[in-house]
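Written out below as structure tokens is the structure these notes cover.
Keep in mind it's a predicted model, so treat the numbers as computed, not measured.
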Protein chains: 6
Amino acid sequence: MLLQLSTWPEVEAYLERSQGIILPIGSTEQHGPTGLIGTDAICAEAIAHGVGKEIGALVGPTINVGMALHHTGFPGTMSLRPSTMILVIRDYLVSLARAGFCQFFFINGHGGNVATLKAAFAESYVTLTDLGLPNGDRARCRVANWYMCSPVYKLAKELYGDQEGAHATPSEVAVTQFVYPEAIKRVPLSPEVAKGHSIYGAADFRRRYPDGRMGSNPDLATPEHGKQFYEAAVKALSAEYLEFLAAD
Amino acid sequence: MLLQLSTWPEVEAYLERSQGIILPIGSTEQHGPTGLIGTDAICAEAIAHGVGKEIGALVGPTINVGMALHHTGFPGTMSLRPSTMILVIRDYLVSLARAGFCQFFFINGHGGNVATLKAAFAESYVTLTDLGLPNGDRARCRVANWYMCSPVYKLAKELYGDQEGAHATPSEVAVTQFVYPEAIKRVPLSPEVAKGHSIYGAADFRRRYPDGRMGSNPDLATPEHGKQFYEAAVKALSAEYLEFLAAD
Amino acid sequence: MLLQLSTWPEVEAYLERSQGIILPIGSTEQHGPTGLIGTDAICAEAIAHGVGKEIGALVGPTINVGMALHHTGFPGTMSLRPSTMILVIRDYLVSLARAGFCQFFFINGHGGNVATLKAAFAESYVTLTDLGLPNGDRARCRVANWYMCSPVYKLAKELYGDQEGAHATPSEVAVTQFVYPEAIKRVPLSPEVAKGHSIYGAADFRRRYPDGRMGSNPDLATPEHGKQFYEAAVKALSAEYLEFLAAD
Amino acid sequence: MLLQLSTWPEVEAYLERSQGIILPIGSTEQHGPTGLIGTDAICAEAIAHGVGKEIGALVGPTINVGMALHHTGFPGTMSLRPSTMILVIRDYLVSLARAGFCQFFFINGHGGNVATLKAAFAESYVTLTDLGLPNGDRARCRVANWYMCSPVYKLAKELYGDQEGAHATPSEVAVTQFVYPEAIKRVPLSPEVAKGHSIYGAADFRRRYPDGRMGSNPDLATPEHGKQFYEAAVKALSAEYLEFLAAD
Amino acid sequence: MLLQLSTWPEVEAYLERSQGIILPIGSTEQHGPTGLIGTDAICAEAIAHGVGKEIGALVGPTINVGMALHHTGFPGTMSLRPSTMILVIRDYLVSLARAGFCQFFFINGHGGNVATLKAAFAESYVTLTDLGLPNGDRARCRVANWYMCSPVYKLAKELYGDQEGAHATPSEVAVTQFVYPEAIKRVPLSPEVAKGHSIYGAADFRRRYPDGRMGSNPDLATPEHGKQFYEAAVKALSAEYLEFLAAD
Amino acid sequence: MLLQLSTWPEVEAYLERSQGIILPIGSTEQHGPTGLIGTDAICAEAIAHGVGKEIGALVGPTINVGMALHHTGFPGTMSLRPSTMILVIRDYLVSLARAGFCQFFFINGHGGNVATLKAAFAESYVTLTDLGLPNGDRARCRVANWYMCSPVYKLAKELYGDQEGAHATPSEVAVTQFVYPEAIKRVPLSPEVAKGHSIYGAADFRRRYPDGRMGSNPDLATPEHGKQFYEAAVKALSAEYLEFLAAD
């Protein structure tokens, strides 16, 4: 059930049986010479929609732009600053909590979002309580990274081994190929790829990772792999969401 | 050309021929008993993608959640506060301007966004200049409301007359029916519909407009109308974008 | 009744019969070679005081500095950033609402304030409600632009036709001449005057409008015209304020 | 020379001979049963205008609403929060510094403003430097409290002794009587008046100082005294401003 | 009783007998060629701990970095901006007030903190009330500057006369020598020392006060003097704290 | 070399050989019935000072209050909100970077700080660059959690096995016993201890973890263990800091 394709009376009815909602969050950032700039948002959205369908959960609109400041040395990257993102998350949660939602499950496609999301959750718990919202004290947030689900992780290791890398990975590229087969890009990739450097500012990142990849070989991706990753993630995250809801 | 489906080298190449970008902005808010909560985002996104295709312009990710505080009395509505939205727009523009973009054309689906967008533009011009970005002084923003395009407006008057109303209008509902025919909702609508009240806070709004519609009869909408609106808007906004780019 | 010339027991007594207050808001910005920098504040203040006198309404202190970032390329201009102005309006409304005020009628002299004021109103409604102030849910704000009142607008067209322009207009200059006849300025004005350009940042504005005027010929202004404008505006806004108060 | 009654070319010419500006700052707050709510703004404005006239200095628009949170238990009081006021001062100084001003002399009518003003100055020096404004590194701010000028202070002691008190003082009331003789208020004042309590929050303040006065007897004020205070303050502050400008 | 060395059940028990807490606040800033960068924090902490021990009051963790923007021209200086410090103080007070504390006594070692602290107190009173904390309306804050205690001040005059100066004073240096005798520094000091200049921005400060001292001769300091200052301050502030608690 | 015990000329000299600085960061929060409220700050500070001594690195003042909002249901806990902490870190880094520092190594004692620290680093990299500081583009931050060092982690497992738990752990308590043997607390601890719950808001946390411990048995701690942990951490972090400095 997609919030964007629902009416308010439908949401009102939904709230009587569940106060949980799934929020996909991605990023708009360079993903190497062949990865789509929307990779993280595309993956998070597709998988979140899959989970929503699988278990009848409500899925909110995708947060397309996340925390990608370290990628802003590459054109096309867009980023919120962490302090802005904390406010965005706070506003989302307050809006939803006013209507009675209190379990917020973020399906995330970008590692760079995690720290700021966690900071935002901590900040929001206080706000929801201080605003005196009915379920304010019971609010719970979780960030679930689809690429860290155990079956996804294993599959990536199996298919790509060390060439999975850490950014612009074949696994995420594969998911985008499955979702948007019309947008598969091919350009020659250098067989040498930078890896293992810590992440600091944007200029430093571009200097260390000149083509944007971090140790990955996205040439290995196929739409068929993407389907496998998608299905593994949907299954694992459906289970995790149900467990999240059920927890006392 | 969609930013989300492009690679960074493609964006780099695009920037050599254009520094303009189209940003769709909608809202996630109640649209009456039958209108989709995502109506404003769906319309803005579809039309922006249409414009991008028509004239080869780059289209960024959709801003799904806008300024809809007055609708937060209805479940499912999500809103940024204006002060948050100013920061979001600022972060978007700064990210894009670092790469060289300097003409920002927002295709907007929600009247409630306009004031905050204009405030955000004013705030951002100073920031872009003060950051010393190469094109900072030349930055230009425009908000183009698809529903205000002259041919769209005329068509709505022609098809619906006074029943077009001001919120949850048949014209916008028609566009969503065209885009998502599988999500057409039908429930009996009261023939009486509130209209003409000023907009203040959320509780006041819900009291004045109990089912969320403002003077509209969305029952009149059809997917075929939606196609007409879509085409009229794409044509008109394509022309406006080209004029925006060309202006000295 | 001017707040600045009242005592707190007088305000306490006033609140028993009315919870409305008028707040003049102007700007401190260039108004061409002969227009006063305080034009917008002078006009708003004079007319607001006139309205207060006419109908016994309380008038608060004038907000002298508004949103004029696009004029900051000309010396003497002062501006709040929109995000600051939102906080200022929020603080004003919270202070007044704590005492019981809940109808806030801004008499505005500057087009550049409107978007930010509307954003501020939306933001403040939530704050007033969340703070749990007695009338928080009933708060109502309106911005009334004196220069947009129908009789004022007509008079300007009648007296100046196309030479009214859009900034440093003869109508607003005339009002300042009526209020401060000792400060009438005369310097030769170029008969050519820029007009019709969109407004972006400050450097761009100064480049497009080199002497600060936007299509106007303030040489046409006279103190007698000013008196006419003043009287027309006071009459029209008095009626509008009473209607604003009376609305359910 | 009043900024509000000047044109931008006049300011441009002024800047060639001086980069100093005087900014009056008051407050909008209860001043006991007979003191005007605008007392602090009225005094600061009148004296600042007097200084400007005396020595040909430019005087900006009056900041009417200051930091008066502790008075908000009394109706009619308006206040900025300190964090808002810091942003307001920052925006004022940035606007003026862009045009070349770098000596900012605040003539202040309210003790409650001083701490926040000093905090704002410290914050603004960094901002002006970081923005790289031509005179950013040379910016200087001073707050001059008219009621603390040595001749004013002595005169108050001489005329009123212990009955001067600390808020709603006869000296400031006298100045308002001199400026607005038509707004002199008389109601019976309790001969007992609270004094000597520390200032904490608004509810606490009202409990400790039930009629708003702090140890003062404003009944002693006369317009003639007001004239004396005014003249003493104008003379003293004119000298202080010149000394401020001259300091290396 | 030190908060850092207590357990939460001990704090719970303490709150039953007192709702007061002492918070040391210093600065991390240059103190001339021989003064320690931590001088202000060291003095405030040592004296606060002494007061806590003397009268069984709870002492919170030291705020090591304060408002020292004007010293940032010298390496090693660290500073919060005033707007940041207001938030820090607000967060401290809200945390403590949630548990029931309502009397906050800041023992301060740095003049530059005073204005911002006072602004923070004003801002926090409103927040504590608006959050509806049990003792929100009764919150009281005071800043007590150890170096301004009458016996301390007299002792400094007696020992050093005019050579006490205003920054990097022998009295504060003496206290650090008493607390950290192993960190006594000696380098030749110029007998000429700048004094009497107003404080503006950091570059200006360094230009006016090239070695960081303001009219002081810290060579006069001895650890024995430090012990005297320490004891005088502990005694005076213990009395002041008890008076602060006792005040109605 | 401790910043607090250094002079500015000493820091100036240090900067010629190193641009790195160690910043200890802890928390002020409940640590169960016997753990000290300052545990995290005490551990981080002691270990950071040990590292500084071991390898001659400069150590800044300890950040005593971190992100502990989830512990604020227990008296004595103090916390910054994440958005405040981001500003604090930003201000620290800007101050230090102005003087030339560009490698910032945070030795951290509290898991709850990590997400916000990482968000703060990302935000600060942009700020340092945008301010145009000499080394802005080269700034690097790292957070090193002493309790996660491999030898520390192993030792804890070896000494305590499952009873190490996740908060108020015997390992951290042991370090505080080593540092402050005079503050060892003993009260009977329930043998049953809550564990394994996710962390949400403060009320939820206290409900799930009623005595504040998370699966730990701090009764196992001894000062001798503390010494072992201290030494293991100092050794491991000294190596990590040198590696951090050396990295290209």
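Annotation for C:G32 and D:P9: closest pair O-CD, 4.2 Å, computed over non-hydrogen atoms. Smallest separation of non-hydrogen atoms from D:L80 and C:Y92: CD2-CE1, 4.0 Å. Looking at every heavy atom in both residues, D:G76 comes nearest to C:A99 through N-CB, 4.4 Å. Of all heavy-atom pairs between D:L15 and C:P75, the closest is CD1-CB, 3.9 Å.
Inter-residue side-chain proximity for D:V65 and C:P61 is flagged as met; some heavy-atom pair is nearer than 4.5 Å. Side-chain contact check for D:V94 versus C:R81: every heavy-atom pair is 4.5 Å or farther apart. The closest side-chain heavy-atom distance from D:T84 to C:V88 is below 4.5 Å. Contact annotation: the side chain of D:L36 never approaches that of C:Q4 to less than 4.5 Å [non-hydrogen atoms, C-beta and beyond]. For the pair D:H31 and C:T7, the minimum side-chain heavy-atom distance is 4.5 Å or more.
Here OG of D:S79 is found 9.5 Å from CZ of C:R98. Values are rounded to the nearest 0.5 Å. Rounded to the nearest 0.5 angstrom, C:L87 CG and D:I86 CD1 are separated by 12.0 Å.
Only the side chain of D:E10 comes within less than 4.5 Å of a heavy atom of chain C; its backbone N, CA, C and O stay farther away. Within the 4.5 angstrom heavy-atom criterion, atoms from both the backbone and the side chain of D:L5 approach chain C. Interface residue D:I42: only side-chain heavy atoms are found under 4.5 Å from chain C. Only the backbone of D:T77 comes within contact range of chain C, with heavy atoms under 4.5 Å apart.
Annotation: cation-pi geometry not satisfied between D:R213 and C:W8 (NZ/CZ under 6.0 angstrom from ring centroid, within 45° of ring axis).
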Exercise for the section: Would you sort out whether C:L3 and D:M78 count as a side chain to side chain contact (heavy atoms under 4.5 Å, CB included), showing the intermediate values? Expected result: CA-CA 10 Å; C:L3 180 62; D:M78 297 172 70; 3.7 Å; yes

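Among the candidates C:G26, C:A68, C:A183, C:S6, the residue making the largest number of heavy-atom pairs closer than 4.5 Å to chain D is C:S6. With chain C as the partner, the residue from D:L58, D:I21, D:T72, D:T62 showing the most heavy-atom pairs under 4.5 Å is D:T62.
Listed for the C:N64 side chain is no donor-acceptor partner under 3.5 Å among the backbone atoms of D:I63.
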